[in-house]
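Worksheet for the structure shown next.
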Protein chains: 2
Amino acid sequence: MQAVENHKLSRCACCVIRHKGICDALTDAELMQFSQIATHRSYEPGDIILSSDEKTDFFAAIHTGVVKLTKILIDGRQQVVGLLLPPDFLGRAFSKSNPYFAEAATKVELCCFPHDKFEHMLDDFSQLKQRLLEQTLDELDSTREWMVLLGRKTAEERVASLFLMLANRWMKTDCAHQSGQQQEVFELYLKRDEIADFLGLTYETVCRQISVLRKSGVVQFSGTRRFSVPNLDALAEIAG
Amino acid sequence: MQAVENHKLSRCACCVIRHKGICDALTDAELMQFSQIATHRSYEPGDIILSSDEKTDFFAAIHTGVVKLTKILIDGRQQVVGLLLPPDFLGRAFSKSNPYFAEAATKVELCCFPHDKFEHMLDDFSQLKQRLLEQTLDELDSTREWMVLLGRKTAEERVASLFLMLANRWMKTDCAHQSGQQQEVFELYLKRDEIADFLGLTYETVCRQISVLRKSGVVQFSGTRRFSVPNLDALAEIAG
DNA sequence: CGATCTGTTGACGGCAGTCAAGTCAAGTGG
DNA sequence: CCACTTGACTTGACTGCCGTCAACAGATCG
């Protein structure tokens with residue numbers, strides 16, 4: 001029993017997101033307790049992790065991969081309302097259902113916590129709740145930033161904004177990039193039609209605007225889903 | 001001194017939003033402490049309450065009136081990213097600045113709490129932090145709902161969605177509406193160009209789509225900013 | 001090799017934006 | 001009291017960006 005706990009603690013202790021996501025709010029001792037309720041789950045691209053308005057029985061930290069949050073209208077029109085990367089948190093606390101679909105955009109590994117036990121721990125560890133609040137506030141900020149994009153930006157500005165956002169997120173979390181090195185390469189993660197659903201466009205328009213940016217030299221592509229940015233300021237200028 | 005406290009408590013105790021907003025999370029005894037740090041401020045339509053990225057020194061509960069949260073691009077394009085009605089909470093906790101403008105859309109009265117004292121109280125009263133978290137999560141949900149509108153809905157659907165949202169919010173909070181009464185009358189609060197900035201349209205398009213809905217009988221106007229809805233289901237159908 | 005999925009590019013049309021004129025109500029000042 | 005101004009709103013004519021429809025290219029896989 002003790003051995004198992006130690007094993008589980010060590011799994012958490014050496015977890016790549018130990019000091020990034022909500023887990024960072026916990027001490028090693030608290031993490032020990034936390035690790036006992038955590039289980040891992042894996043998903044393939046396209047898998048539905050959570051269905052809209054289905055009662056959810058777990059929360060999760062994104063361990064690896066990318067998760068899309070989407071909403072759909074009755075006639076099938078779809079909008080991506082959030083993109084979760086490690087070490088983001090997945091799930092709607094203090095509510096029995098969540099109003100989005102969560103879909104794996106890439107291979108995904110989650111670290112899951114049962115619904116009721118996690119909410120109890122939120123009450124026990126005030127630092128955890130604090131962290132969740134701060135993360136939710138940050139998410140609200142970036143969601144509103146995206147509202148400006150959807151409401152007011154042109155197609156070209158939208159695509160440029162997406163590239164800029166991905167580049168910034170990449171450099172913030174995976175900041176193991178050696179300075180003075182050659183061009184940083186970023187991952188797009190999404191297919192053209194997923195990008196379209198994120199930007200409020202059609203996939204043809206996304207294609208065209210990517211071509212425009214590529215031909216003007218603002219971004220350089222290697223394959224269809226990897227790109228680099230010679231001049232981030234120029235990209236930011238276009239993104240508005 | 002004691003007299004003043006009693007006076008202040010009584011002001012909170014009989015406050016119209018005492019049992020609606022975050023204050024509802026407090027006991028009468030806690031409210032007493034709370035009332036000692038609270039001050040009231042008034043604003044006229046068009047007044048800027050908070051400027052984007054300006055360091056904020058207070059939080060506030062909306063007592064009366066309507067507050068717009070907006071963001072602008074360098075060339076002046078504007079997007080309303082949130083609409084706050086009583087008893088909503090204004091301010092970005094645990095961050096020295098907030099990335100939006102807060103502007104009074106109508107006459108507004110705020111109940112304000114100093115920045116540092118309020119954050120201390122959040123730590124002292126866990127129910128308060130809990131309430132703030134839940135309110136933030138709800139705000140995130142409705143913001144994402146609005147992303148679908150901005151990204152995927154037509155002009156007519158957007159205007160219909162706004163009417164529906166206002167009707168629902170009105171009936172939820174001011175539910176002193178006598179049943180079996182004649183048509184409920186709702187307030188639009190915003191000018192045509194403010195609606196446009198909320199819906200990601202131009203004010204001419206907003207005008208035209210309001211005319212369409214009015215002529216089809218789905219909504220009835222008295223003046224330019226008051227309307228009633230004969231059939232809410234029909235409106236919801238159009239809103240998508 | 002064909003089948004399928006993903007991405008690219010062209011031609012055309014429509015919805016909403018742009019530009020502009022006009023209505024209406026409220027306020028201001030002579 | 002009336003001319004004038006101002007702000008909010010409405011409506012029309014035209015334009016253009018992006019959506020729709022369609023053909024095609026490349027990659028992956030059985």
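Lettering of chains follows the sequences in order, A, B, ..., and the numbering in each one begins at 1.
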For this session: State whether A:K68 and A:D197 are salt-bridged, where the test is any N-O pair (Lys NZ or Arg NE/NH1/NH2 against Asp/Glu carboxylate O) under 4.0 Å.
Result: no
For this session: Tell me whether the centres of the aromatic rings in B:Y189 and B:F198 are closer together than 6.0 Å.
Result: no
Exercise. Distance only, no hydrogens: is a donor on one side chain within 3.5 Å (strictly under) of an acceptor on the other, for B:R214 and B:S211?
Worked result: yes
Problem set entry | Whole-Å gap separating P (D:dA27) and CZ (A:F221) | 16 Å
For this session: Using a strict cut-off of less than 4.0 Å between a Lys/Arg side-chain nitrogen and an Asp/Glu carboxylate oxygen, indicate whether B:R226 and B:E187 qualify as a salt bridge.
Result: yes
For this session: Send over the distance from B:I195 CD1 to D:dT10 C1', rounded to a whole Å.
Result: 14 Å
For this session: Between B:K191 and B:R214, just flag the one whose closest nucleotide in DNA chain D comes earlier from the 5' side.
Result: B:K191
Problem set entry | d(CZ, A:R225; C1', C:dG7) in whole Å | 10 Å
Seminar exercise, completed: A:D75 atom CG is separated from D:dT20 atom P, nearest whole Å, by 11 Å
Exercise. Separation of A:L213 atom CG from C:dT8 atom C1', in whole Å?
Worked result: 15 Å
Problem set entry | Stacked cation flag B:R131 on B:F89, 6.0 angstrom / 45 deg | no
For this session: Could you tell me the separation between the CZ atom of B:R192 and the P atom of D:dA8, rounded to a whole number of Å?
Result: 12 Å
Problem set entry | Whole-Å distance separating the CZ atom of A:F227 from the C1' atom of C:dG7 | 17 Å
Exercise. Just checking B:R158: base, sugar-phosphate only, or nothing, at a heavy-atom cut-off of under 4.0 Å?
Worked result: nothing
Exercise. Can you check the A:I210 CD1 to C:dT6 P distance for me, whole Å?
Worked result: 15 Å
For this session: Spell out protein contact along nucleotides 10-25 of chain C as letters: B when the base is contacted, S when just the sugar-phosphate is, - when no protein heavy atom is under 4.0 Å; keep the 5' to 3' order.
Result: BB----SSBBB-----
For this session: Could you tell me whether A:D88 and A:R169 make a salt bridge, using a distance below 4.0 angstrom between a side-chain N and a carboxylate O?
Result: yes
